[in-house]
Amino acid sequence: MNPRLTLASSVVGAVIVALDGTVLTVAQPSLQRDLGASFAQVQWTSTGYLIAVASLLVLAGRLGDLPHSPKRGGTPIGHHRLFGIGMLGFGAASAGIACAPGVGWVIGLRVVQGVFGALLQPATLGMLRAAFPPDRLRTPIAVRTAAIGVSAAVGPLLGGALVAGPGWRVVFLLNVVPALVLGTLALTVRPPRTASPARLDVPGALLLALTLACLVHALVALPGWVWTASTAAVTGAAFVRHERRTASPLLPPSVIGSRAVGSALGMLAAASAALSGALFAGTFLLQDTLGLDPLRSALVSLPLAALMVAAAPTCAMLLRRVGARRTTAAAMTLLALGILVLSRTPSIPLLCTAFALVGAGFGTVMVAATHVVVREAPVESAGVAGGLQQTAMNIGPVLGVAVATALLGTGDGPGLPLGVLAALALAGAALGRSLPGLREAAMNDHGDSKDRTRVPAQR
């Protein structure tokens, strides 16, 4: 596929998923009243999706890396095909939710939506890795991140306007047309052939899916966290043992054996946890402690989205000039500083400044760390790398909100959780030491922008 069309597809796919999550939050109260649902049922419209998508992301990425059938000449399933299937299914599930007669249907279709979302999300990064050489990945990833930032800013406003006007059902029709158009277009692409067939590690895929599903449930459903956390620990240990013994592991050593990839994934999880937890606690700070209404609270936090969008192209420039190591360390420190300022000031101008710092830090980390994960992985494992990146970005927010919820329950106000989340961001900054510096990045790019396939498996 043409690189520009690939970038456009990757951006739209990422935006559809991000926009769906932001507008759902706005629509949930109206959905609850209209369908006569309980609070627990409404919570499962988010929890069911999270469990489905987080447990299947790595498996979906691996499917995109694998050949379809060696007997057919090694024609791969391909990231474009999975992207197309994911987009079509995601759009169809959204249309179904808009017509759902009851909350049970909404929950079930949200789980289905999570399955198809898991198919398309790793593909949005796998397609970029295949279409662009290593030394030209910075800008596409920055564009993708900026688009996600725009959707984060526009989503609540658009969702609020639609819920107040036509109603909550219209919210789920937003992504139907673009999903169907791009999904159909992606399925018309003929994927390239591959001469290196591989096998799908089915036992490993099942163990990892169960581990991640239990982990997410343990973080979201706190009353049942002991049982699900124990299950996650047992299945996680079984998965590690299986991966060490199998000949075709689900997670290739060329990906998980890279210290840079592991550190970048840790930074993404820490940054997304700090951001989501801070936004959750910040809502109570703005509305309960400072007495701002929801509209004023949204306006005060608007600099976060604006600076996240602005940080994306700036980060691409910083990666070229100073490398990922310094860029991410500075950005995580900036994120921590913004959260600390947020916890210490009642001044509206300083609160806006704090949100701006948080947005600039998180936007920069997201671009830089994602760039490292995608570039460091070999092309034949781009889907797994994309799945791991998306997994970190899904589990991190669940962890951050769980931490904020637990600490808010102590009765000490939002200051304590915000301080802990700032410390988490600073701890994530230490992981930047394992990321490549400017010299290593220049060596890893091979000095040849035309090389779209050969990347060292480990650095």
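Being a predicted model, the structure only gives us computed values, none of them experimental. Only this structure's heavy atoms are used, side chains among them; waters, hydrogens and symmetry mates stay out.
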Are the side chains of [Y] and [X] in contact, using a 4.5 Å heavy-atom criterion?
X	Y	value
Val300	Phe355	yes
Leu187	Leu88	yes
Arg144	Leu125	yes
Phe90	Asp20	yes
Thr364	Met308	no
Leu185	Phe83	no
Ile339	Leu424	no
Met393	Met366	yes

Would you find a donor on one side and an acceptor on the other, under 3.5 Å apart, between the side chain of [X] and the backbone of [Y]?
X	Y	value
Thr211	Gly236	yes
Thr246	Glu243	no
Ser276	Ala273	no
Thr370	Val367	no
Thr327	Gly323	yes
Ser263	Ala260	no
Ser55	Ala52	yes
Ser258	Val255	no
Thr328	Ala324	yes
Arg259	Ser434	no

Can you measure from [atom1] ([X]) to [atom2] ([Y]) and round to the nearest 0.5 angstrom?
X	Y	atom1	atom2	result
Leu340	Leu426	CG	CG	7.0 Å
Leu7	Phe132	CG	CZ	5.0 Å
Leu268	Leu388	CG	CG	10.5 Å
Thr145	Phe362	OG1	CZ	8.5 Å
Leu357	Thr333	CG	OG1	12.0 Å
Arg325	Leu431	CZ	CG	13.0 Å

Could you check whether the rings of Trp44 and His217 sit parallel, tilted or perpendicular, using 30° and 60° as the cut-offs?
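The arrangement is tilted - the two ring planes meet at 30° to 60°.
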
Working note: Val115 + Tyr49, criterion side chain to side chain contact (heavy atoms under 4.5 Å, CB included); need CA distance, chi angles, decisive distance, verdict.
CA-CA 8 Å; Val115 173; Tyr49 175 88; over 6 Å; no

Set out, in order, the CA-CA distance, both residues' side-chain angles and the distance that settles side chain to side chain contact (heavy atoms under 4.5 Å, CB included) for Met87 and Ser9, then state yes or no.
CA-CA 10 Å; Met87 289 288 276; Ser9 299; over 6 Å; no

Show the nearest heavy-atom pair for residues [X] and [Y], with the distance to one decimal.
X	Y	result
Met332	Ala270	CE-CB, 4.1 Å
Gly64	Leu82	N-CD1, 3.2 Å
Pro140	Leu128	CB-CD2, 4.2 Å
Gly13	Leu120	O-CD1, 3.8 Å
Val373	Ala385	CG1-O, 3.5 Å
Leu59	Ala205	CD1-CB, 3.6 Å

With distance as the sole criterion, is a donor-acceptor pair present between the side chains of Ser248 and Asp201 under 3.5 Å?
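Asp201 and Ser248 do not have a side-chain donor-acceptor pair below 3.5 Å.
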
Can Thr45 and Arg110 be counted as having a side-chain donor-acceptor contact under 3.5 angstrom?
no

Does the side chain to side chain contact (heavy atoms under 4.5 Å, CB included) test come out yes or no for Leu158 and Leu174, once each step is laid out?
CA-CA 10 Å; Leu158 181 60; Leu174 281 175; 3.7 Å; yes

Partner of Leu208 under side chain to side chain contact (heavy atoms under 4.5 Å, CB included), picked from Val240, Thr235, Leu56, Val58, is Val58

Do the side chains of Asp65 and Arg129 get close enough for a salt bridge, i.e. N-O under 4.0 angstrom?
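No, this pair does not count.
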
Under the criterion side chain to side chain contact (heavy atoms under 4.5 Å, CB included), I'd like the reasoning laid out for Leu57 against Gln389: C-alpha separation, chi angles, the key distance, then a yes or no.
CA-CA 9 Å; Leu57 283 167; Gln389 189 270 355; over 6 Å; no

Check the pair Thr124, Gln390 against side chain to side chain donor-acceptor pair (under 3.5 Å), reporting the backbone distance first and the verdict last.
CA-CA 10 Å; Thr124 62; Gln390 293 291 325; 4.7 Å; no

